[in-house]
Amino acid sequence: MVPEHSDAPGDETAALALKILVAGGFGVGKTTLVGAVSEIRPLRTEELLSEAGQSVDDTGGVDQKATTTVAMDFGRITIRSGLSLYLFGTPGQDRFWFLWDELAQGALGAVVLADTRRLEDCFPAVDYFEHRRIPFVVAVNCFTGARRHDTGDVCRALDLDAGTPVVLCDARERDSGKEVLIKLVEYAGRVHTARLLDSVG
């Protein structure tokens, strides 16, 4: 959670920004999701895919992808006066993972985007958040032409901890993305409350 201080004269209240990560494999739709839900023009750090990266970037299943995030995506949603969500889209390739620890500092939770055609690509993100005890939801991005699987099948395939939500979404659609974020905030709130009660019990 990131406190924001208002510059308005006489306004002594501090706004609250909740930090959320959007993670997942290469080409799964992280940049698309952040752009779809952000109320501001999102900050993007995309570069064209190059021949130098062909040996490390697996574009199987996403053959039309021409760019990749090399640092992060950033977007914002205002929930109400004094409360905003800051969205940080992480880079998907292993070589950029050194950025994840910095981005994860102070995060309320994370969305792990998954593509059932390349489900194994989201395993590292699931492991990352489980090991760091950062609450997350798995959002299955339903690509056109991809075989549909129900959420229970995805949960079992990923061997998720009990209670970890799995939702279906279309990362291109603002309302669909907002539903994913609502599910995450609700789930993260329950997890953090339970941990607080455990610590004082």
Side-chain angles (χ1 to χ4, degrees), residues 1-6 12-25 28-30 33-34 37-39 71-92 94 96-114 119-141 150-169 171 176-201:
M1 292 179 282
V2 183
E4 294 181 308
H5 298 285
S6 173
E12 301 299 325
T13 62
L16 183 65
L18 303 176
K19 183 178 185 181
I20 290 175
L21 301 187
V22 180
V28 76
K30 300 178 294 294
L33 178 65
V34 172
V37 299
S38 179
E39 68 191 18
M72 66 174 183
D73 301 307
F74 173 77
R76 185 189 72 210
I77 302 173
T78 301
I79 304 300
R80 57 172 169 74
S81 177
L83 178 62
S84 300
L85 296 182
Y86 283 179
L87 307 175
F88 291 83
T90 65
D94 293 352
F96 297 124
W97 271 45
F98 66 92
L99 295 168
W100 282 44
D101 287 340
E102 288 297 322
L103 292 175
Q105 290 287 333
L108 173 75
V111 173
V112 175
L113 270 178
L119 194 59
E120 68 280 0
D121 288 359
C122 75
F123 288 177
V126 167
D127 288 344
Y128 182 91
F129 296 121
E130 282 184 346
H131 285 112
R132 285 159 183 79
R133 302 185 72 227
I134 296 173
F136 67 94
V137 301
V138 173
V140 179
N141 194 4
D150 67 36
T151 56
D153 289 340
V154 174
C155 183
R156 285 186 291 275
L158 294 176
D159 192 25
L160 297 175
D161 290 341
T164 302
V166 178
V167 296
L168 304 179
C169 75
S176 182
K178 286 169 67 175
E179 287 299 318
V180 171
L181 296 175
I182 289 168
K183 179 71 75 173
L184 171 62
V185 171
E186 290 174 345
Y187 176 62
R190 292 194 302 271
V191 169
H192 290 298
T193 299
R195 288 176 183 169
L196 181 62
L197 292 174
D198 284 346
S199 68
V200 298

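- Between the side chain of N141 and the backbone N or O of V28 there is at least one donor-acceptor pair closer than 3.5 Å.
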Is there a side chain to side chain contact (heavy atoms under 4.5 Å, CB included) between V180 and V37 once you walk through the steps?
CA-CA 10 Å; V180 171; V37 299; over 6 Å; no
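- Take D101 and apply the side chain to side chain donor-acceptor pair (under 3.5 Å) test, not counting sequence neighbours, and it matches Y128.
- Under the side chain to side chain contact (heavy atoms under 4.5 Å, CB included) criterion, V166 pairs with V138, V140, T151, V154, C155, L160, not counting sequence neighbours.
- Taken to the nearest 0.5 Å, the CD1 atom of I77 stands 6.0 Å off from the CD1 atom of I79.
- Here E39 pairs with R76, T78 under the side chain to side chain donor-acceptor pair (under 3.5 Å) rule; sequence neighbours left out.
- The two atoms that bring E102 and K19 nearest to each other are O-NZ, 3.8 Å, heavy atoms only.
- In this structure, A104 and L21 approach most closely via the heavy-atom pair CA-CD1, 3.7 Å.
- Among residues two or more places apart in sequence or in another chain, the side chain to side chain contact (heavy atoms under 4.5 Å, CB included) test is passed with A23 by T90, W100, A125, F129.
- Every residue meeting the side chain to side chain contact (heavy atoms under 4.5 Å, CB included) condition with R190, not counting sequence neighbours, appears here in chain and number order: E186, Y187.
- Annotation: the span from R133 atom CZ to D161 atom CG amounts to 10.5 Å, rounded to 0.5 Å.
- Summarising the geometry, atom CD1 belonging to I20 is positioned 5.5 Å from atom CG belonging to L181; distances are rounded to the nearest 0.5 Å.
- Closest approach of G109 to L184, counting heavy atoms only: C-CD2, 3.9 Å.
- Distance check: L158 CG to T164 OG1 gives 10.0 Å after rounding to the nearest 0.5 Å.
- Closest heavy-atom contact between G75 and V34: N-CG1, 3.7 Å.
- Partners of F136 according to the ring pair (Phe, Tyr, Trp, His ring centres under 6.0 Å) rule, which considers only residues two or more places apart in sequence or in another chain, do not exist here.
- Scanning for side chain to side chain donor-acceptor pair (under 3.5 Å) contacts around R156 gives D153, with sequence neighbours left out.
- For L108 against P135, the heavy-atom pair with the smallest separation is O-CD, 3.6 Å.
- Taking every heavy atom of both residues into account, V22 and K30 meet most closely at O-CD, 3.7 Å.
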